[in-house]
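See structure below.
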Protein chains: 2
Amino acid sequence: MTAPLHEARPAGPGGALPDTQQGMRRRNLARVLHAVRAEGPLSRAAVASRIGLTRAAVSTLVDELIRSGLLEELGPERPGRVGRPGSALAVSGRGPAGLGAEVGVDHLAVCAVDLRGTTRARAIRQGANRGRSPRPVLAELTELIRQVVTEAEAEGLYPAGLAVAVPGLVARDARTVVRAPNLGWHDTDLGPLLPSGTPLTVDNEANFGALAELWLGDGTPRDFLHVSAEIGIGAAVVVDGGLLRGTRGFAGELGHVPVRPDGPECACGGRGCLEQYAGEEAVLRAAGLEPDEDRVGLLAGRAAEGDEDVRRALRDAGTALGVALTGAVNLLDPETVVLGGELSGLAPWLLPSLRDELTRRTAGSACPVSVSRLGPEGPLLGAAHSVVRAVLDDPAAFARRA
Amino acid sequence: MTAPLHEARPAGPGGALPDTQQGMRRRNLARVLHAVRAEGPLSRAAVASRIGLTRAAVSTLVDELIRSGLLEELGPERPGRVGRPGSALAVSGRGPAGLGAEVGVDHLAVCAVDLRGTTRARAIRQGANRGRSPRPVLAELTELIRQVVTEAEAEGLYPAGLAVAVPGLVARDARTVVRAPNLGWHDTDLGPLLPSGTPLTVDNEANFGALAELWLGDGTPRDFLHVSAEIGIGAAVVVDGGLLRGTRGFAGELGHVPVRPDGPECACGGRGCLEQYAGEEAVLRAAGLEPDEDRVGLLAGRAAEGDEDVRRALRDAGTALGVALTGAVNLLDPETVVLGGELSGLAPWLLPSLRDELTRRTAGSACPVSVSRLGPEGPLLGAAHSVVRAVLDDPAAFARRA
DNA sequence: CTAATTTGTAAATCGGCATGACGAAATAGC
DNA sequence: GCTATTTCGTCATGCCGATTTACAAATTAG
């Protein structure tokens, strides 16, 4: 069960997994759990009609889920309609929990989320990690994780997995950081440096942010583009409720989409990449500011104060983003574009020019652009919830308390 | 079964379809059929070990497939190894057939492909369709279809579905042509104008071309970008063996990716779109040629003759394509980029500058670019095979001869 | 208070795959 | 050539899981 949590799609008919009765049972357990979680307290009969199985079948499935501690009987429903009232079922608040962790450039954070989706424990530590080597940073993170775990265990939860968000590119093995420029890490397997015992997943924070938006955003569709800017500018592509990762796991590198093919040279080898117009450094330079620790906060502050240089820099960045997103929208035809992560704080000054550029260039089929409600919380929540989803998707694999 | 044939991915655990024993049976039938089709003649035991079921289970599945006329017993295998030789099974050459049709700008084509993947009947009619209204064109096409169907029926095949490739954008209902500029069609439901009786799917020819590449191309991976140029420049995005269609079904509009944001105005409302540098008209103009009927053929001919103007125009188009593809590759991280359709004829003159531009701009992670072996045959074959795939994916739904 | 309706469960049934055993058909070893 | 061995395909049997049917329990409608 260390397999990459929450990959986009199950194997097709050509897949190699045999289709046996145990598999059917497992999938049906997942369906019951999903239904109860998604639509609040539900009776067995209600679940049965939702997922298309008979009441009898659902009964045995529910029994098994209750015995495993994943489902809970809340007692008889208040009867409003005719007929015997059902017994309300809810996802347990005391079963497995998803551990999410975030390695930020200037902070570490950990949280535990239960199956219901509520955050039950959390810990944050401020402090610049830029340039520190992985070992001490992850030792601190491990300490925070232990705190959160004991806190969660006091409430009857047990960790079902750990998902770590990092500001960098992660290999498809979901453990190795290929490069994280803002930390100075490269080709580091985080596995040995983090607590073992629970399955581990490491991923780009932009990806987790997008998943958070998918699972927790209000009304976010199953097909969208999630743009964030932590390391350079990353876009996560969500297709049919799953993340598009790419062959090497590098999908979503919006930062190096060419905006002006003859523009200034970029470290990537190209010219006029988006990053040179809308990247943090570029915007700071255009605004006439010196790089600082809390770069985004600085920009937002100055812009709010009315600093015309900063505002113009952000407007221009928005325009460049609009050009790059035009390409992406043409290619992917997403339902919406969502600005998330740190970017959401700058949205008020980026959005107008961005929308302008995008809608002008995609006259016929304008794609709405919105701002994530989750903001900088996204990656951490997405990480924790990715574990929760893994449990919901295959409860049999995570059950305890037989 | 009129549902869009061959959508990318099955519903996840949240899906609404109940998971019952019949469903399991159906999936296992598909697995057996897929295994036999993919790996040549196979004994029951070999199938069993391939797909992870027992010999006994496979036996009953095979019986059912033989009774349905989808599988055929070829007789005992030549024994090379110790032990009783198995009885070779092969996909039937006399079961259901996929009908593929193509509405081209200057031709109509129809073919029938059996489950084995071999084309068993075909019909082509040359003739310019530019500007003709849908009804007479589809009447002609229907005539061709009838020819192919009677020809196929003479060989013991029966049509399992009809897939039509058109040079234009198709709505997600897979029946309505939203706009096909080169034909002059817009918002036309093709359903009533085509033979009923078999399930119908209409799709963009670029999409079918990409599927053909996926299914018939040699060594093509499950994640790639397929670029063709029939109407403007279309790219089909194949992710994990499925087509990415987009919310409105318009994904892959590479033609309007901005290449030079301040370039000349485009009909789409933008500026400097790829189409203005690598579109047919633009290239013809840059080469100093007049638009002609067989535009691609003209270009290829002149380039082969050594016409320096044409070659330069194609080189420049390749460069522009490279810029646009840099964006796409950064965003999607595909395993390869494949040039298909009519474009493959121009590849010798496009490729060098295209590769140059693309590899320079994506220094670290160069993405290989190749040319489709199928060429202009792609869309028609892809259409027919999409029907065949639908049968392979759910044989129970298409079985006859109970 | 009775009829109707809905829920949850228990018993019987059915469908589908696994298991184990067996005959059939080949090779390997003597 | 004969026997042992291996592999294939097919039974009979059993298990697992969902369905069907029936029924008691709990509510509303009249």
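Proteins come first, then strands; the chains are lettered A, B, ... in the order of their sequence lines, and each starts at number 1. Treat the numbers as computed from the prediction; the structure is a model and nothing was measured.
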With salt bridge (charged side-chain N to carboxylate O under 4.0 Å, His left out) as the rule and sequence neighbours excluded, what pairs involving residues 53-62 of chain A come up? none
Using whole Å, what does the distance between atom C1' of nucleotide D:dC8 and atom CG of B:L89 come to? 12 Å
Taking B:T247 for its side chain and A:E335 for its backbone only, find out whether a donor-acceptor pair lies under 3.5 Å. yes
Rounded to whole angstrom units, what separation is found between the CZ atom of B:R31 and the P atom of C:dC17? 11 Å
Expressed as a whole number of angstroms, how long is the span from A:E64:CD to D:dG17:C1'? 11 Å
If you compare every side-chain N and O of A:T54 against the phosphate oxygens of D:dA18 (OP1, OP2), does one of them come in below 4.0 Å? no
Quick test: give all pairs of protein nitrogen or oxygen and nucleotides 11-15 of chain D nitrogen or oxygen below 3.5 Å, distance rounded to 0.1 Å.
none

Could you give the CE-to-C1' distance, from B:M24 to C:dC17, as a whole number of Å? 6 Å
Roughly how many Å is it from CD in B:Q22 to C1' in D:dT20, rounded to a whole number? 13 Å
Terminal axis angle for the helix from C:dC1-D:dG30 to C:dC30-D:dG1, five pairs an end, nearest 10 degrees: 0°
Mind checking what makes side chain to side chain donor-acceptor pair (under 3.5 Å) contact with B:S196, not counting sequence neighbours? none
In whole angstrom, what separates B:L65's CG from C:dG16's P? 13 Å
Under 4.0 Å between a side-chain N/O of B:S59 and OP1 or OP2 of D:dG9, yes or no? no
Closest heavy-atom contact between B:A112 and B:V148? CB-CG1, 3.7 Å
note: B:L29, atom CG; C:dG15, atom P; distance rounded to Å ~ 15 Å
When rounded to whole Å, the CZ to C1' distance for the pair B:R25 and D:dT19 reads 18 Å
On a heavy-atom basis, the closest approach of A:L214 and A:G241 is CD2-O, 3.6 Å
Taking side chain to side chain contact (heavy atoms under 4.5 Å, CB included) as the criterion, tell me which of B:L29, B:V47, B:V91 meets it with B:L71. B:V91
Using a strict cut-off of less than 4.0 Å between a Lys/Arg side-chain nitrogen and an Asp/Glu carboxylate oxygen, indicate whether B:D19 and A:R31 qualify as a salt bridge. no
Value for CG (B:L244) from CG (B:N207), rounded to nearest 0.5 Å, stands at 9.5 Å
With a cut-off of less than 4.0 Å, is there a side-chain N or O of A:N28 near OP1 or OP2 of D:dA18? yes
How many angstroms lie between atom CZ of A:R27 and atom NE2 of A:H34, to the nearest 0.5 angstrom? 14.0 Å
List for me each residue that meets side chain to side chain donor-acceptor pair (under 3.5 Å) alongside A:R25, sequence neighbours excluded, and say none if there are none. A:T60, A:E64
Nearest heavy-atom neighbours spanning A:F208 and A:S386: CE2-OG, 3.6 Å
Closest non-hydrogen atom pair between A:V113 and A:T119, with its separation: CG2-OG1, 3.9 Å
So which protein nitrogen or oxygen atoms get under 3.5 Å of nucleotides 5-7 of chain C's nitrogens or oxygens?
unit_1, atom_1, unit_2, atom_2, d
C:dT6, O2, A:R84, N, 2.8
C:dT7, O4', A:R84, O, 3.2
C:dT7, O2, A:R84, NE, 3.4
C:dT7, O2, A:R84, NH1, 2.6

Taking the nucleotide of DNA chain D with the nearest heavy atom to each, does B:A88 or A:L61 sit closer to the 5' end? B:A88
